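First the structure, in the form of structure tokens, and then the observations on it.
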Amino acid sequence: MVDDGMFSHAVTSEIKLGLLEERHAAALFRLTDHHRDYLRVWLPWLDATRTVDDARAFIRRTRGDYAAHGWATCGIWFQGEICGVIGYNRIDWVNKVATIGYWLAEDFQGKGIMTACCRSLIDHAFRDLGLNKVVIACGTGNSRSQAIPDRLGFRREGVHRDAEWLYDHFIDSTVNSILKREWENPS
């Protein structure tokens with residue numbers, strides 16, 4: 001998945017992942033802004049993303065996280081158009097655990113894009129990074145997001161109560177995980 005020191009990967013002939021770069025800030029902001037109301041239902045950072053400069057600052061932070069910790073945050077491109085973001089929100093190198101987070105614009109859902117992208121990051125985590133566990137947490141009412149770890153064979157470990165502050169209220173999160181041995185030898 002690494003090309004010339006940069007994280008990039010062709011998931012399928014139509015789906016590509018790549019580290020976000022500052023040159024992507026305007027397109028990422030347009031996508032976010034266009035889908036703001038839809039994304040705001042489950043994502044807590046929309047109010048802090050009001051300009052292209054906010055998107056650029058996000059990209060800079062993710063690039064710093066990648067350089068310092070190996071936490072790759074990638075843009076998702078479908079047929080050459082940016083349509084979402086996926087990445088390792090955190091990697092616990094001592095315990096060999098990665099947490100994956102993602103979002104996809106509403107217009108691109110139902111095409112298998114996010115499932116394919118998650119599969120690629122999971123493969124990378126186990127094969128290339130030598131990790132043992134991958135975690136995906138989803139808001140308990142976010143059935144579209146929850147369908148992805150379900151589809152990929154994750155187990156639900158439980159619910160974190162009041163796991164995230166979402167503008168004016170807390171939401172619970174379902175915690176889902178898969179171990180390397182389960183991924184390599186599904187039952």
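What you see is a predicted model; the values in this text were computed from it and never measured.
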- For the pair Y88 and L129, evaluate side chain to side chain contact (heavy atoms under 4.5 Å, CB included) and give the outcome as yes or no after the intermediate values. CA-CA 12 Å; Y88 300 117; L129 301 180; 4.0 Å; yes
- Message: For a quick test of reading the model, state the closest non-hydrogen atom pair linking S120 to L17 and the distance between them.
- Response: CB-CD1, 4.3 Å
- Pairs involving residues 102-121, ordered by first then second residue, that meet salt bridge (Lys or Arg N to Asp or Glu O under 4.0 Å) (sequence neighbours left out): none
- Message: Let's go through V85 and I76 carefully: what are the C-alpha distance in whole Å and the side-chain angles of both, what is the deciding distance for side chain to side chain contact (heavy atoms under 4.5 Å, CB included) to 0.1 Å, and is it a yes or a no?
- Response: CA-CA 6 Å; V85 173; I76 302 168; 5.8 Å; no
- Message: side chain to side chain contact (heavy atoms under 4.5 Å, CB included), that's the test. Do E22 and R60 meet it? Break it down for me.
- Response: CA-CA 7 Å; E22 287 190 43; R60 284 184 189 137; 3.1 Å; yes
- Answer yes when R50 and D47 have at least one side-chain N-carboxylate O distance shorter than 4.0 Å, and no when they do not. yes
- Task: Answer with yes or no whether the side chains of H124 and D128 bring together a donor and an acceptor at under 3.5 Å.
- Result: yes
- Task: For L152 and T115, work out which heavy atoms get closest and say how close.
- Result: CD2-CG2, 3.8 Å
- Note on the structure: Heavy-atom closest pair (W103 atom, L43 atom, distance to 0.1 Å) is CB-CD1, 3.6 Å
- If every non-hydrogen atom of W42 is compared with every non-hydrogen atom of P44, which pair is closest and at what distance? O-CD, 3.9 Å
- Do R127 and E184 meet the salt-bridge criterion of a basic N to acidic O distance under 4.0 Å? no
- Message: With a 3.5 Å distance limit and no angle check, can you tell me whether S145 reaches the backbone of N142 through a side-chain donor-acceptor pair?
- Response: no
- Message: Any salt bridge linking D37 with R40? Criterion: basic side-chain nitrogen under 4.0 Å from a carboxylate oxygen.
- Response: no
- Any salt bridge between R56 and D53, counting N to O under 4.0 Å? yes
- Item | side chain to side chain contact (heavy atoms under 4.5 Å, CB included) evaluation trace for F154 with I148 | CA-CA 9 Å; F154 280 58; I148 294 163; over 6 Å; no
- Under the ring-ring contact (aromatic ring centres under 6.0 Å, His included) test, residues paired with H160 that sit two or more places apart: none
- Taken to the nearest 0.5 Å, the spacing of F58 CZ from T73 OG1 works out to 5.5 Å
- Please report the closest heavy-atom contact between C83 and L31, naming both atoms and the distance. C-CD2, 3.4 Å
- Message: How about CZ on R155, more than 12 heavy atoms from neighbouring residues, nucleotides or ligands closer than 6.0 Å, or not?
- Response: no
- Within the distance-only criterion (no hydrogens, no angle test), does the side chain of D33 pair as donor or acceptor with the backbone N or O of R30 below 3.5 angstrom? no
- Output the distance between atom CG (N185) and atom CG (L179), rounded to the nearest 0.5 Å. 11.5 Å
- Let me see the working for R156 and T174 under side-chain hydrogen bond (donor to acceptor under 3.5 Å, both in side chains), right down to the final yes or no. CA-CA 7 Å; R156 290 189 193 182; T174 303; 5.2 Å; no
- Message: Students often mix this up, so state it plainly: with edges at 30° and 60°, are the rings of F78 and F108 parallel, tilted or perpendicular?
- Response: perpendicular
- Is there a donor-acceptor contact under 3.5 Å linking the side chains of T99 and R90? no
- Query: CG of D123 to NE2 of H9: how many Å apart, nearest 0.5 Å?
  - Reply: 7.5 Å
- Query: In terms of the angle between their ring planes, are F170 and W165 parallel, tilted or perpendicular, with boundaries placed at 30° and 60°?
  - Reply: perpendicular
- Item | Full working for salt bridge (Lys or Arg N to Asp or Glu O under 4.0 Å) between E182 and K133 | CA-CA 10 Å; E182 295 165 341; K133 183 177 181 178; over 6 Å; no
